[in-house]
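Just so we're clear, the structure is a prediction, and the values are computed from it rather than from any experiment. All residue numbers in this chain count up from 1 along the given sequence.
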Amino acid sequence: MTTTVIGASTPLTVGIIGGGFMAREHSAAARSARAAVVGVASSSPAGAERAAAALGIPRAYATPADLIADAEIDVVHVCTPNSTHAEYALAAIAAGKHVVCEKPLATSLADAVLLARRAAQAGVVAAVPFVYRFHPMVREARARIAHGDAGALLTVQGSYLQDWLLTDTDDDWRVDALQGGPSRAFADIGSHLVDLVEFVGGERIARLTATTRTVFSARTRHSDIGTEDAVALAVETVSGAIGTLLVSQVSPGRKNRLSIEIGGSVESISFDQEHPETIWLGRRSGSELLQRDARSLTADAARLSVLPAGHPLGYHDAFSAFVADVYAAVAGEAPDGLPTFADGLRAVRITEAVLAAAAGADWVEVAGEEGAP
Ligand SMILES: NC(=O)c1ccc[n+]([C@@H]2O[C@H](COP(=O)([O-])OP(=O)(O)OC[C@H]3O[C@@H](n4cnc5c(N)ncnc54)[C@H](O)[C@@H]3O)[C@@H](O)[C@H]2O)c1
């Protein structure tokens with residue numbers, strides 16, 4: 001079903017927990033979807049005051065519990081470190097709120113299962129910002145594959161590469177398993193990658209094997225770091241397509257390079273989020289780079305093309321479209337492709353499989369006496 005990417009017709013009242021990067025992004029997207037962002041809470045009363053001033057939000061709550069208890073708030077956005085997601089999202093659901101909870105939905109499979117169950121039981125809208133789904137050209141790729149244009153799925157490949165943790169002087173709460181969870185690079189950005197591969201390819205990953213690497217066991221503020229800087233996976237989908245995925249936060253020059261390529265028996269389709277206005281359609285002859293132009297796109301991609309061709313859309317626009325669809329769902333619509341807690345649970349399930357595979361990986365040693373290459 002299609003909606004109009006403007007959010008609910010009756011403006012909603014929104015509260016945000018957290019005062020960092022995502023609080024800024026969520027509050028901007030909420031406003032563009034015509035919501036009133038009325039309050040913010042963070043890790044301390046002073047942090048909430050600072051966030052309120054920085055983001056132009058009228059009310060600063062002393063604690064997240066105070067925000068969740070405010071009867072005026074319809075939707076709670078959880079934008080805090082990963083290990084806090086379950087507590088805040090469960091409390092918000094118990095208070096009858098609709099919830100947008102950042103990825104990874106939880107730092108354990110048990111918590112993610114509980115969150116998805118509680119959200120379903122409460123009948124609230126519960127969404128996870130897998131926002132790359134909201135690029136029009138992602139929807140175009142998905143529609144073409146669903147329509148059979150690519151043929152039978154043969155291969156998948158993808159990567160999500162960043163360099164912001166490249167040296168041991170780079171540090172963040174995410175490297176600490178107590179705050180970020182047992183997986184770092186995969187839970188943080190690999191979750192987006194597998195969501196996008198399954199969303200666009202239209203198939204579940206059925207099996208995988210993985211290996212992880214932690215380059216630095218100590219950084220400026222953390223020691224004994226066990227969370228991974230990089231992960232390599234081999235995967236197989238339910239229909240037997242095989243593929244490779246690479247996730248890294250130590251890849252020089254790569255800032256936020258999420259790219260996927262779905263290979264079918266007729267056509268390959270690739271998307272790179274750093275160049276989101278195009279998809280590449282690979283054919284034995286007549287490959288083409290398809291540029292976003294609503295006049296020639298499928299309905300769902302055209303719906304998300306909120307600017308005319310030649311007026312580039314990007315990350316902000318995808319975020320805004322996601323939040324608008326969440327609010328449309330609150331208003332009773334059923335927007336196609338809305339990532340829910342079930343999708344958040346799916347990514348956590350794959351993350352646990354990755355860690356389990358990496359812990360017990362069966363490597364085949366390649367013997368030989370050929371010497372150095
Ligand atoms: N969907 C996306 O594209 C995307 C992008 C970036 C981050 N994220 C996710 O968003 C979440 C927040 O990331 P960020 O980049 O905004 O981090 P951040 O460090 O910029 O901000 C985190 C905020 O949470 C506050 N905080 C810390 N502990 C808290 C607690 N116990 N209770 C309440 N507030 C607390 C901090 O003071 C800070 O204001 C993470 O889960 C991350 O994975 C998602």
Side-chain angles (χ1 to χ4, degrees), residues 15-26 40-48 50-51 54 61-65 67-68 76-92 99-115 128-130 160 162-193 212-231 247-250 256 341 344-345 347-352 354-356 358-359:
I16 294 186
I17 307 179
F21 172 33
M22 277 303 109
R24 196 169 68 236
E25 205 54 38
H26 282 240
V40 62
S42 193
S43 47
S44 66
R50 274 195 303 277
Y61 297 85
T63 66
L67 181 148
I68 291 167
V76 173
H77 289 238
V78 179
C79 305
T80 51
N82 308 346
S83 61
T84 64
H85 292 176
E87 177 192 344
Y88 295 147
L90 284 171
V99 189
V100 178
C101 182
E102 266 302 346
K103 42 57 46 177
L105 179 58
T107 51
S108 75
L109 184 56
D111 279 352
V113 167
L114 182 64
L115 279 158
V128 176
F130 288 129
Y160 199 154
Q162 300 179 331
D163 71 0
W164 67 285
L165 288 170
L166 181 60
T167 73
D168 63 1
T169 56
D170 300 316
D171 209 341
D172 189 71
W173 58 259
R174 287 167 172 81
V175 310
D176 177 2
L178 290 177
Q179 292 196 77
S183 164
R184 189 224 311 155
F186 196 84
D188 193 29
I189 55 176
S191 54
H192 278 296
L193 176 61
T212 60
R213 179 158 188 210
T214 303
V215 180
F216 300 112
S217 59
R219 292 176 179 270
T220 316
R221 300 189 306 276
H222 295 96
S223 53
D224 296 325
I225 296 169
T227 58
E228 77 284 357
D229 293 306
V231 191
V247 175
S248 164
Q249 295 180 315
V250 289
N256 202 35
F341 275 21
L345 164 59
V348 172
R349 197 183 293 288
I350 295 177
T351 303
E352 291 232 339
V354 166
L355 291 183

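- Between Thr167 and the options Asp163, Thr169, Asp171, a side-chain hydrogen bond (donor to acceptor under 3.5 Å, both in side chains) holds for only Thr169.
- With respect to the salt-bridge test (charged N to carboxylate O, under 4.0 angstrom), the residues Asp229 and Arg213 do not qualify.
- In this structure, Ala23 and Gly18 approach most closely via the heavy-atom pair CB-O, 3.1 Å.
- Of all heavy-atom pairs between Val128 and Gly344, the closest is CG2-CA, 4.0 Å.
- At distances below 3.5 Å, at least one donor-acceptor pair connects side-chain atoms of Asp170 with backbone N or O atoms of Leu166.
- With hydrogens and angles ignored, the 3.5 Å screen pairs no side-chain donor or acceptor of Gln179 with any backbone N or O of Pro81.
- Counting only heavy atoms from C-beta outward, the side chains of Arg349 and Leu109 approach each other to under 4.5 Å.
- In this structure, the side chains of Leu193 and Phe186 stay at 4.5 Å or more apart for every pair of heavy atoms.
- When all heavy atoms of Ser44 and Gly47 are compared, the closest pair comes out as OG-N, 2.9 Å.
- Using a 4.5 Å heavy-atom threshold, the side chains of Leu355 and Pro182 count as touching.
- The two atoms that bring Ala89 and Leu115 nearest to each other are CB-CD2, 3.5 Å, heavy atoms only.
- Put simply, the side chain of Arg219 gets close to the backbone of Leu165: a donor and an acceptor are under 3.5 Å apart.
- Val100 has its side chain within reach of Pro129: a pair of non-hydrogen atoms, C-beta onward, lies under 4.5 Å apart.
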Practice problem: Dump the intermediate steps for side-chain contact (heavy atoms from CB on, under 4.5 Å) on Asn82 and Lys103, then the final yes or no. | Solution: CA-CA 7 Å; Asn82 308 346; Lys103 42 57 46 177; over 6 Å; no

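- Across Val40, Thr63, Thr84, Thr80, a single residue satisfies side-chain contact (heavy atoms from CB on, under 4.5 Å) together with Ile17, and that is Thr80.
- The closest side-chain heavy-atom distance from Phe216 to Ile225 is not below 4.5 Å.
- Thr212 contributes no side-chain N or O that, together with a main-chain N or O of Val231, makes up a donor-acceptor pair within less than 3.5 Å.
- To the nearest 0.5 Å, the span separating CD on Glu87 from CD1 on Ile68 amounts to 8.0 Å.
- Annotation: side chain of His85 is not in contact with side chain of Leu105 (no heavy-atom distance under 4.5 Å).
- For the pair Arg50/Ser42, no side-chain contact is recorded, criterion being any heavy-atom separation below 4.5 Å from C-beta on.
- Nearest heavy-atom pair across Ala86 and Asp111 is CB-OD2, 3.8 Å.
- Atoms OG and CG, from Ser108 and Leu114 in turn, are 9.0 Å apart once rounded to the nearest 0.5 Å.
- Checking side-chain atoms of Thr214 against main-chain N and O of Thr227 turns up a donor-acceptor pair under 3.5 Å.
- Using the six-membered ring where Trp is involved, His192 and Phe130 have ring planes that are perpendicular, over 60° apart on the 30 and 60° scheme.
- Between Glu102 and Val78 there is no side-chain heavy-atom pair separated by less than 4.5 Å.
- Between Val348 and Ala106 the shortest heavy-atom distance is CG2-O, 3.7 Å.
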Practice problem: Report the C-alpha distance between Phe341 and Val99 in whole Å, list the side-chain angles of each, state the deciding distance to 0.1 Å, and finish with yes or no for side-chain contact (heavy atoms from CB on, under 4.5 Å). | Solution: CA-CA 9 Å; Phe341 275 21; Val99 189; 4.1 Å; yes

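- Atom-to-atom distance recorded for Arg221:CZ and Asp172:CG is 7.0 Å, nearest 0.5 angstrom.
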